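First up is the structure itself, then whatever we jot down about it.
Worth knowing before you read on, the calculation uses all heavy atoms, side chains too, and leaves out hydrogens, waters and symmetry mates. Numbered from 1 within each chain, the chains take letters A, B, ... in sequence-line order. Everything numeric here is computed off the predicted structure, so don't read it as measured data.
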Amino acid sequence: MSNKTRVRFAPAPTGFLHIGSARSALFNWLYARHTGGVLVLRIEDTNEALKRDEFIDAITGPLQWLGLDWDEGPFFQSERTQLYSEAVEQLVESGQAYYCDLSREQVNELCEAQGLPAGYHGFSRDKGLPDGEGTVIRFRAPDEGTTVIDDVIRGRVEFENAHIEDFVIRRSDGSSGFLVANAVDDHDMGITHVVRGEDMLSTTPKVVMLWQALGFGDTPTYAHLPLLVNEQRKKLSKRKDDVSLGEFRRRGYMPEAMLNHLALLGWGPPDEVEVRPVAEIIELFDLENVTKGAAFFDVKKLDSINAEYVRAQDLDTFISDAEPYLTAADTPWPAKNYSAEVFARLASEVQQRVATHADTTDFVDWVFNDEISYDEKSWAKGIVKAKLVPEILAGVIERFATCDWEAETLADTVRAVGDDLGARSQVPVRVAVTGRNFGIPLWDGLVALGREQTIVRLQATLGRL
RNA sequence: GCCCCCAUCGUCCAGCGGCCUAGGACGCCUGCCUUUCACGCAGGUAACACGGGUUCAAAUCCCGUUGGGGGUACCA
């Protein structure tokens, strides 16, 4: 094997991929690409309950969406159990592991009876118990010395061996635990750098102990990434936090923007240019520059980055990316009202204003919907607080009845009405016709809406005053 | 409880002993542009957790305190 960098992304298939895992995958990928190395995808399904096919797509789908490709795998730990069993066997034979028939409850009782703090305390260590039903195998963790992790991000981290109890490496159902699988696979797959979340830092000495006990030689280099946290500064949780990558995709975020934002969580380019092509991120990325402190995933920032990516699209791409949201089943307007031609005329103005493609509907709903609803704030600001509104609306209605129904004329007409009255006429008209006091330029939309419908809305508003 | 990690604007990142009266981005606020909004442009608000050292010099190094987080399973 060459001296190429080999990293791995090794998620447990526990449902949808969340942004924390995606960030780990991304940093592994960036490092692999930056160094011209290899990214291995490994599914850690050592637990019987995790071996479910539908969970695999939940991992690979989002990775592909983000554009994170892997070079080897996916490998499934559930298909490699023989290797783990052999390793466990080797440890038992060499006296570095032993059988134990104590249940968790029994362990707790023993602790209490002997006045010991909670923990295992090697109760069965020297009993020479045989294998049997309900028996587990525990690793004989060294009692003295320290296990040192030279972490690329955190520096030297020391664990006193005395603090590490004899942990289970084979469960009572005969399956091997994740720690052995981890050591065996990282060794077998020639992993040179283990890049993962900081929540794994505490288990690292256990894996290192196994690694040494199995005679694997030098361990990989470790790099523990800062955690992604929620507003309460707690590790992101699937249950409590809004973290599904698929959900962000559904909400219309672009994968490039998501990737860009994720890359900025725990890392920053030396030149402080944040929004940039992935090729440049790869070029500039390095594990050495990864931050130590936990980072909060701020959707506001994502919105801003996404908006920048959207604005940078060429018009046709923007239109085709927005199209699914405009023709979805849940649009605010009846499907039959939608016109791709009309949208195409309004698209460039919409593109400048949306944060995501999904937002597109908010800017054109008034054109395609039969009726509008007035936004409360807009009504207050654009109608209640504006002056001469009845006069403006009446004036516009009168002239709209007969003027050319063409964008420039409509703009001039509204302006003229305002000028004649010495008032600002656009906002009241805008609220009357769209329901809001902000949005794309009115005129092309009005052309599409039609003279009749426009006048109906202006009169309806006048009627409400 | 025990073990481990972390600590610069509200948020994300820069700073790796002097260039820092701490820089950029997002957010927020103001102005310009524009008879809407947005974009763009010009400004503004806002941070080195605290206490001791070390040093001619500390946001940067060391120790402690406080605060936050992670781990403590026959989950990964």
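Open room surrounds CD on A/Glu283; 12 or fewer heavy atoms of other groups in view lie less than 6.0 Å from it.
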Going 5' to 3' through nucleotides 28-45 of chain B and flagging B where a protein heavy-atom sits under 4.0 Å of the base, S where only the sugar-phosphate is that close, and - otherwise, we get -------BBBBSS-----

task = Kindly determine whether A/Phe297 and A/Leu265 satisfy side-chain contact (heavy atoms from CB on, under 4.5 Å), including the steps that lead there.
result = CA-CA 7 Å; A/Phe297 184 94; A/Leu265 263 26; 3.6 Å; yes

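Residue contacts for A/Arg138: at a heavy-atom cut-off of 4.0 Å it reaches the sugar-phosphate backbone alone, with no base atom in range. The residue A/Arg104 sits close only to the backbone: its heavy atoms come under 4.0 Å of sugar-phosphate atoms, none of a base. Contact annotation for A/Glu158: backbone-only contact, meaning every heavy-atom pair under 4.0 Å involves sugar-phosphate atoms and none involves a base.
Ring orientation note: the planes of A/Phe123 and A/His121 are nearly perpendicular, at an angle over 60° on the 30°/60° scale. Under the 30°/60° scheme for interplanar angles, the aromatic rings of A/Phe318 and A/His357 are found to be tilted.
Under the 6.0 Å cut-off for aromatic ring centres, A/Phe285 and A/Phe27 qualify, their centroids lying closer than that. Proximity of the aromatic rings of A/His261 and A/Tyr253 is defined here by a centroid distance below 6.0 angstrom, and this criterion is not met.
Straight-line distance between the P atoms of B/G52 and B/G43: roughly 39 Å, to the nearest whole Å. The P atoms of B/U55 and B/U65 are separated by 23 Å, rounded to the nearest whole Å. Going from the C1' atom of B/G64 to that of B/A22 covers 26 Å, rounded to whole Å. Comparing the same atom, P, in B/A25 and in B/C41 gives a spacing of 10 Å after rounding to whole Å. Using C1' as the reference atom, B/G10 and B/A49 are 16 Å apart when rounded to the nearest Å. Comparing the same atom, P, in B/U30 and in B/C39 gives a spacing of 14 Å after rounding to whole Å. Nucleotides B/G53 and B/U60 have their P atoms positioned 15 Å apart, rounded to a whole Å. The gap from the C1' atom of B/C33 to that of B/G40 amounts to 8 Å, rounded to the nearest Å.
Under the 4.5 Å side-chain criterion, counting only non-hydrogen atoms from C-beta, A/Arg156 is not in contact with A/Ile149.
Atom CG of A/Asp173 and atom P of B/A73 are 18 Å apart (whole Å). Computed from coordinates, the A/Glu198 CD to B/C3 P distance equals 17 Å when rounded to whole Å. B/A76 atom P lies 9 Å from atom CD of A/Gln77, rounded to whole Å. Rounded to a whole Å, the OH atom of A/Tyr309 is 14 Å from the P atom of B/C26. Regarding A/Leu302, its CG atom lies at a distance of 12 Å from the P atom of B/G27, rounded to whole Å. In this structure, the CD atom of A/Glu231 is 16 Å from the C1' atom of B/G68, given to the nearest Å. Atom pair A/Arg239:CZ and B/C75:P shows a separation of 20 Å (rounding to whole Å applied). B/A14 atom C1' lies 14 Å from atom CG of A/Leu284, rounded to whole Å.
In terms of phosphate contacts, A/Arg42 brings no side-chain nitrogen or oxygen within less than 4.0 Å of OP1 or OP2 of B/A76. Put simply, A/Arg154 has no side-chain N or O that comes within less than 4.0 Å of OP1 or OP2 on B/C4.
Residue-to-nucleotide contacts include a donor-acceptor pair under 3.5 Å from the side chain of A/Ser202 to the base of B/G70. Between the base of B/C74 and the side chain of A/Ser172 there is a donor-acceptor pair shorter than 3.5 Å.
With a cut-off of 3.5 Å on both pairing distances, the Watson-Crick or G-U wobble partner of B/A49 is B/U65. Base pairing analysis places B/C75 opposite nothing; no Watson-Crick or G-U wobble pair with both distances below 3.5 Å involves it. Within the shown strands, nothing qualifies as a pairing partner of B/G17 under the Watson-Crick or G-U definition with both distances less than 3.5 Å. B/U60 makes up no base pair with any nucleotide shown, lacking Watson-Crick or G-U wobble contacts both under 3.5 Å. In a base pair of the Watson-Crick type (N1 to N3 plus N6-O4 or O6-N4) or a G-U wobble (N1-O2 and O6-N3), with each distance short of 3.5 Å, B/C41 is matched with B/G31. B/C26 and B/G10 make up a base pair, with Watson-Crick or G-U wobble contacts both under 3.5 Å.
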I'd like a table of atom pairs between the protein and nucleotides 7-12 of chain B - only N or O on both sides, under 3.5 Å - with the distance next to each one.
from: B/U11; atom 1: O3'; to: A/Arg233; atom 2: NH2; distance (Å): 3.4
from: B/C12; atom 1: OP1; to: A/Arg233; atom 2: NH2; distance (Å): 2.3
from: B/C12; atom 1: OP1; to: A/Phe296; atom 2: N; distance (Å): 3.0
from: B/C12; atom 1: O2'; to: A/Leu264; atom 2: O; distance (Å): 2.7

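Where A/Gly155 and A/Pro270 meet RNA chain B, the nucleotide closest to each residue was compared, and A/Gly155 sits on the side nearer the 5' end. For the pair A/Arg171 and A/Ser304, both in contact range of RNA chain B, the more 5′-proximal nearest nucleotide belongs to A/Ser304.
Checking B/C74, B/A76, B/G71 against the side-chain heavy atoms of A/Val168 singles out B/C74 as nearest. Taking only side-chain atoms of A/Ala12, from C-beta outward, the nucleotide of B/A76, B/A73, B/C26 with the closest atom is B/A76. Which of B/C74, B/G69, B/A14 sits closest to the side chain of A/Glu272 comes down to B/A14.
Of all heavy-atom pairs between A/Asp166 and A/Ala141, the closest is OD1-N, 2.9 Å. Between A/Asn437 and A/Arg430 the shortest heavy-atom distance is C-CD, 3.6 Å. Considering every non-hydrogen atom in both A/Asn306 and A/Ala257, the closest pair reads OD1-CB, 3.2 Å.
Once rounded to the nearest 0.5 Å, the distance linking CZ of A/Phe159 with CD1 of A/Ile164 reads 7.0 Å. If you take CH2 on A/Trp70 and CH2 on A/Trp29, they are separated by 12.5 Å, rounding to the nearest 0.5 Å.
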